[in-house]
Amino acid sequence: MKENETTPEKLLKPYNPAETEDKIYKLWEEGGFFNPDVCIEKGFTQAEAEAFSMVLPPPNVTGTLHTGHALTLAIEDIMVRYARMQGKKTLWVPGTDHAAIATQSKVEKILEKEESKRKGDLGREEFLKRVEKFAQESHDTIINQAKKMGASLDWSREAFTLDKKREKAVYTAFKRMYDDGLIYRGYRVVNWDPKGQTTISDDELVYEERKAKLYTFKYSKDFPISISTTRPETKLGDTAVAVHPDDPRYKEFVGKEYDAVFCGAPIHIKIIADDSVEMEFGTGALGVTPAHSMADWEMGQKHNLPLVPVINEFAKMILGNESVLGKKTTEAREAVVEWLRTEGLLEKEEEISQNVSTAERTGAIIEPLPKLQWFINVNKPIASRGNKTLKELMLEPVRDGKIKVLPDRFERVYYNWIENLRDWCISRQIWYGHQVPVWYKNEALYCGTEAPQEEGWIQDPDTLDTWFSSGLWTFSTLGWPDETPDLKTYHPTTVLETGYDILFFWIARMILMSQYLLGDIPFKNVYLHGLVRDKDGKKMSKSLGNAMDPLELIKKYGTDAVRMALIIGTAPGNDSKLAEENIRGYGRFANKMWNVARFVVENTTDLDTSGTPAFDEEDEASLKELSSLIDEITKEMDEYKFYLVAEKLYHYFWHTFADIIIERSKKKIAEGDAQAILSAKWILVSHLNTLLRALHPFMPFVTEEIWGLLFTRNVSTETGGPSTSSKMLIVESWPSQS
RNA sequence: GCGCGAUUAGCUCAGUUGGUAGAGCAAUCCGUUUACACCGGAAAGGUCGCAGGUUCGAGUCCUGCAUCGCGCACCA
């Protein structure tokens, strides 16, 4: 190879992502390109341009980023860079989530492992300091990782779900809902996590199928009806037996009441008729335990049944004879069965499989318990919103097409969830989170955004479900409840991109909060991505040992390669598989681009690009082909088909531009006449220029580096062709369509 | 119980409104003092899960079934 003094020295070696990426990211950050205000100030964006805005789904401050986060960052950064290159006022807001239960239980585990201490040993204040320290460290790690991924997030607007500004938003939201009677305090059966010692919402339950024994028995010798249960220990709290109103076997008993002593506990049973009872299951008669089953509690409400709690917060028995009293529920179960046997009341035992609800975070089996908690009423008509309920407010914008969901099949899943939605329990008995903004003094209760001035008021010790604060995210990050310019310019956000697994947790709650508090949608589009699995389609997890660390992959192959591997083959809503071979392949692609750049610069330094040359037939055809490719991919970008665009660009760059156009240019440059040489060289430059722009959203680092080496240096033309630019590629324009 | 998704080359996946199957990776052969061995070229590899139907024509639309995966509900 002939040394060429105009070839940048860096280009003479293979592409080295490690020594390029951090440097480039720093240039972007220092240039302020991630901040739309700076872009306007510097003239890269028109002040009156259309706005594009998006919030980053805030990662939990529970440790490090995994491949799922990497996918999120890759897809969203592609959207953002595309919008920015189209000249839109582009804002992508970063932030992190305090993730109340998840973070607290993580710190509790560390505390127990390293110091053999419980949080009670430290006390609320000291324990929270530990959690905050852990959260801060996680936060720093996460931010660093997001930058490594090349995410063009506006760090000047970074938010945290638990910071002061967000607290103001949370307290304001709570107070409004309280004043509207949407938030209420009620004594109801809730999902109690005995391990985490807190309530959790219905959505935080994970059902596990297990084998269980179904016992059929009578409460006492003279009780007329046999019932079946998998949880005999709860039967000490039964207050009714429910049968189907049309069941001929039991019709005569309906309305009658019986007394018995069940395993040492006096019980009073009323026979009721309810058509939710299935005649075919078990004996067709259901022992109703209003205090320890969600369904039974609802039946108890309907039939006005008394509540007899028999299990406490530690999943221990608080009723019964000495064989059960104080015992764990699992032990008590055996004791009750033993008692039934000796009393001759047990009629049948059979193996069945059943779904057991466990807590998402701690894995503990959920104990339904009656407790005084804070709830959001989803069925109450709201005067300020045309007497619509929260359920209706959540349903409407999706049903009416104001919010478009991609893929649209998730709209049905969403409707289904809303139909089955019950009041949302928002109070948690953990320490890390937004404390409920309610204060008590004797019998009085005060709800406000700040503590009352007078002495003697004590704040409710409970904290709020982390999703309460995440629900406000699209507008709390933009300054709400203040009427900020950001809120005006960037809300509703353009698109919300996240995993389909948090459709209910997060997306639904954001729609709820925004519809109620702002009377507007939080976003116009929802793009749902799937899970990232390993190359065998297995879910990545630490325990399986198949988890891939995005940082490791970046170190080995470069960020651009990781982004391409994540994006190609990833259609919305579908799970995708990540294989290291693919990442390696895209790493080679980055190097291919690098070498193409070297070839182009070495062969075109003497190119006079003033005016447009007369192209020969082949080159004319190539220009047309590229132009129609740009048309095609622009359309696909607008349809969020990034996986197609990335693949097409990859393919065109390598197998058309490099393999065909460059190969044929060698001959022309060596043997052709002046006209042919000019045509060939011109094509080389314009192709590279256009393809770098188009590839930038996908592979921002290598494209920016090449752009910097070539197009802000020595290749220049007049209008109509590839041009010199003082701009970095990040703020260059998306290739124009024909 | 209700619903959703997947099933296409050895592997991972594309396949837009129906027009006789196509990429990457892997494997095979050939080449290579070449911008690039992180390369180029060639060849190979598929009754598109099964069975019906609509159609001139089905990987694509309809019906049924199978296998795998997922969500929701029930869970006495």
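Every value quoted in this text rests on a predicted model; they were computed, and no experiment measured them. Numbered from 1 within each chain, the chains take letters A, B, ... in sequence-line order.
Contacts of Gly587(A) with the nucleic acid, taken as non-hydrogen atoms under 4.0 Å apart, include base atoms. Nucleic acid contact for Leu286(A): base, since at least one base atom lies under 4.0 Å from a heavy atom of the residue. Among the protein residues, Thr230(A) comes within range of the sugar-phosphate backbone only, with heavy atoms under 4.0 Å from sugar or phosphate atoms but none that close to a base. Lys666(A) comes within contact range of at least one nucleobase, with a heavy-atom separation under 4.0 Å. Within 4.0 Å (heavy atoms only), Glu419(A) reaches no atom of the nucleic acid at all. Backbone-only contact: Leu214(A) has heavy atoms under 4.0 Å from sugar-phosphate atoms and none from a base. Backbone-only contact: Leu644(A) has heavy atoms under 4.0 Å from sugar-phosphate atoms and none from a base. Nucleic acid contact class of Val277(A) (heavy atoms, under 4.0 Å, all strands): base.
Put simply, the side chain of Thr283(A) gets close to the backbone of Ala285(A): a donor and an acceptor are under 3.5 Å apart. No donor-acceptor distance shorter than 3.5 angstrom exists from the side chain of Ser228(A) to the backbone of Leu214(A), with no hydrogens or angles considered. Between the side chain of Glu647(A) and the backbone N or O of Leu644(A) there is no donor-acceptor pair closer than 3.5 Å. The backbone N or O of Gly530(A) lies less than 3.5 Å from no partner atom in the side chain of Asp575(A), so there is not a single donor-acceptor pair. Checking side-chain atoms of Arg509(A) against main-chain N and O of Phe505(A) turns up a donor-acceptor pair under 3.5 Å. No side-chain donor-acceptor contact under 3.5 Å links Arg188(A) to the backbone of Met294(A).
The phosphate of G40(B) (OP1 or OP2) has a side-chain N or O of Lys592(A) nearer than 4.0 angstrom. Dashed line: the shortest gap from a side-chain N or O of Arg584(A) to OP1 or OP2 of U12(B) is not under 4.0 Å. Regarding contacts with the backbone of A76(B), every side-chain N or O of Arg231(A) stays at 4.0 angstrom or more from both OP1 and OP2.
Atom C1' of nucleotide A76(B) and atom CG of Asp238(A) are separated by 10 Å, given to the nearest angstrom. Look at CG on Asp501(A): it is 12 Å from C1' on C70(B), rounded to the nearest Å. Atom CD of Glu580(A) is separated from atom P of C11(B) by 20 Å (rounded to the nearest Å). As a whole-Å value, the separation of Glu209(A) CD from C75(B) C1' is 10 Å. In this structure, Glu647(A) places its CD atom 16 Å from P of U12(B), rounding to the nearest Å. For the pair Arg409(A) CZ and G69(B) C1', the interatomic distance rounds to 12 Å; values are reported in whole Å. A straight line from NZ of Lys648(A) to C1' of G15(B) spans 10 Å, rounded to a whole angstrom. Distance CD1 (Ile225(A)) to C1' (A76(B)): 14 Å, rounded to an integer number of Å.
For the C1' atoms, the distance linking C72(B) with G10(B) amounts to 38 Å, nearest Å. The same atom, C1', is picked in U17(B) and in U12(B); the two are 28 Å apart, to the nearest Å. For C65(B) and C75(B), the P atoms lie 27 Å apart once the distance is rounded to whole Å. Here, G52(B) and C39(B) have their P atoms 47 Å apart, quoted to the whole Å. Spacing of C1' atoms, A27(B) relative to G59(B), comes out at 26 Å, to the nearest Å. Across the P atoms, G41(B) and C25(B) are found 12 Å apart, a figure rounded to whole Å. Going from the P atom of G31(B) to that of G69(B) covers 48 Å, rounded to whole Å. The separation of U8(B) from A76(B), taken at their C1' atoms, amounts to 47 Å, rounded to a whole angstrom.
Proximity note for Gln354(A) (side chain, C-beta onward) versus C75(B), G71(B), A35(B): the nearest is C75(B). For Thr229(A), counting side-chain heavy atoms from C-beta on, the closest listed nucleotide (C36(B), G24(B), A76(B)) is A76(B). The side chain of Arg588(A) approaches C38(B) more closely than any other nucleotide in the set C38(B), A35(B), G24(B). For Tyr643(A), the side-chain atoms get nearest to A14(B) when compared with the rest of A14(B), G5(B), A35(B).
Here Glu625(A) pairs with nothing under the salt bridge (charged side-chain N to carboxylate O under 4.0 Å, His left out) rule; sequence neighbours left out. Scored by the side-chain hydrogen bond (donor to acceptor under 3.5 Å, both in side chains) test, Asn379(A) finds no partners at all (sequence neighbours excluded). Scored by the salt bridge (charged side-chain N to carboxylate O under 4.0 Å, His left out) test, Glu639(A) finds Lys635(A), Lys641(A) as partners (sequence neighbours excluded).
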Quiz prompt | Criterion side-chain hydrogen bond (donor to acceptor under 3.5 Å, both in side chains) on Asp203(A) and Trp417(A), from CA distance to verdict | solution = CA-CA 10 Å; Asp203(A) 297 289; Trp417(A) 177 80; 2.9 Å; yes
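The nearest heavy atom of RNA chain B to Arg412(A) and to His651(A) marks one nucleotide each, and the one closer to the 5' end goes with Arg412(A). Nearer the 5' end of RNA chain B, as judged by each residue's closest nucleotide, is the contact made by Thr570(A), out of Phe599(A) and Thr570(A).
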Self-check item: Pair assignment for RNA chain B - dot-bracket with | for other-strand partners, Watson-Crick or G-U under 3.5 Å
Solution: (((((((..((((.....[..))))..((((.......))))......(((((..]....))))))))))))....
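A salt bridge links Lys648(A) to Glu632(A): one of the charged nitrogens lies within less than 4.0 Å of a carboxylate oxygen. Remark: Asp193(A) does not engage Arg361(A) in a salt bridge, criterion side-chain N to carboxylate O under 4.0 Å. The pair Lys556(A)-Glu580(A) meets the salt-bridge criterion, since a charged nitrogen lies less than 4.0 angstrom from a carboxylate oxygen.
Within residues 654-661 of chain A, the residues approached by RNA chain B to less than 4.0 Å at the level of any non-hydrogen atom are Trp654(A), His655(A), Ala658(A), Asp659(A), in residue-number order.
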Expected rows: protein N/O vs nucleotides 72-74 of chain B N/O, under 3.5 Å:
| unit_1 | atom_1 | unit_2 | atom_2 | d |
| --- | --- | --- | --- | --- |
| C72(B) | O2' | Asn416(A) | OD1 | 3.1 |
| C72(B) | O2' | Asn420(A) | ND2 | 3.3 |
| C74(B) | N4 | Asn355(A) | ND2 | 2.2 |

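Between the side chains of Asn595(A) and Tyr15(A), no donor-acceptor pair of N or O atoms lies under 3.5 Å.
In summary, the aromatic rings of Tyr415(A) and Phe410(A) are positioned with their centroids too far apart to meet the 6.0 Å limit.
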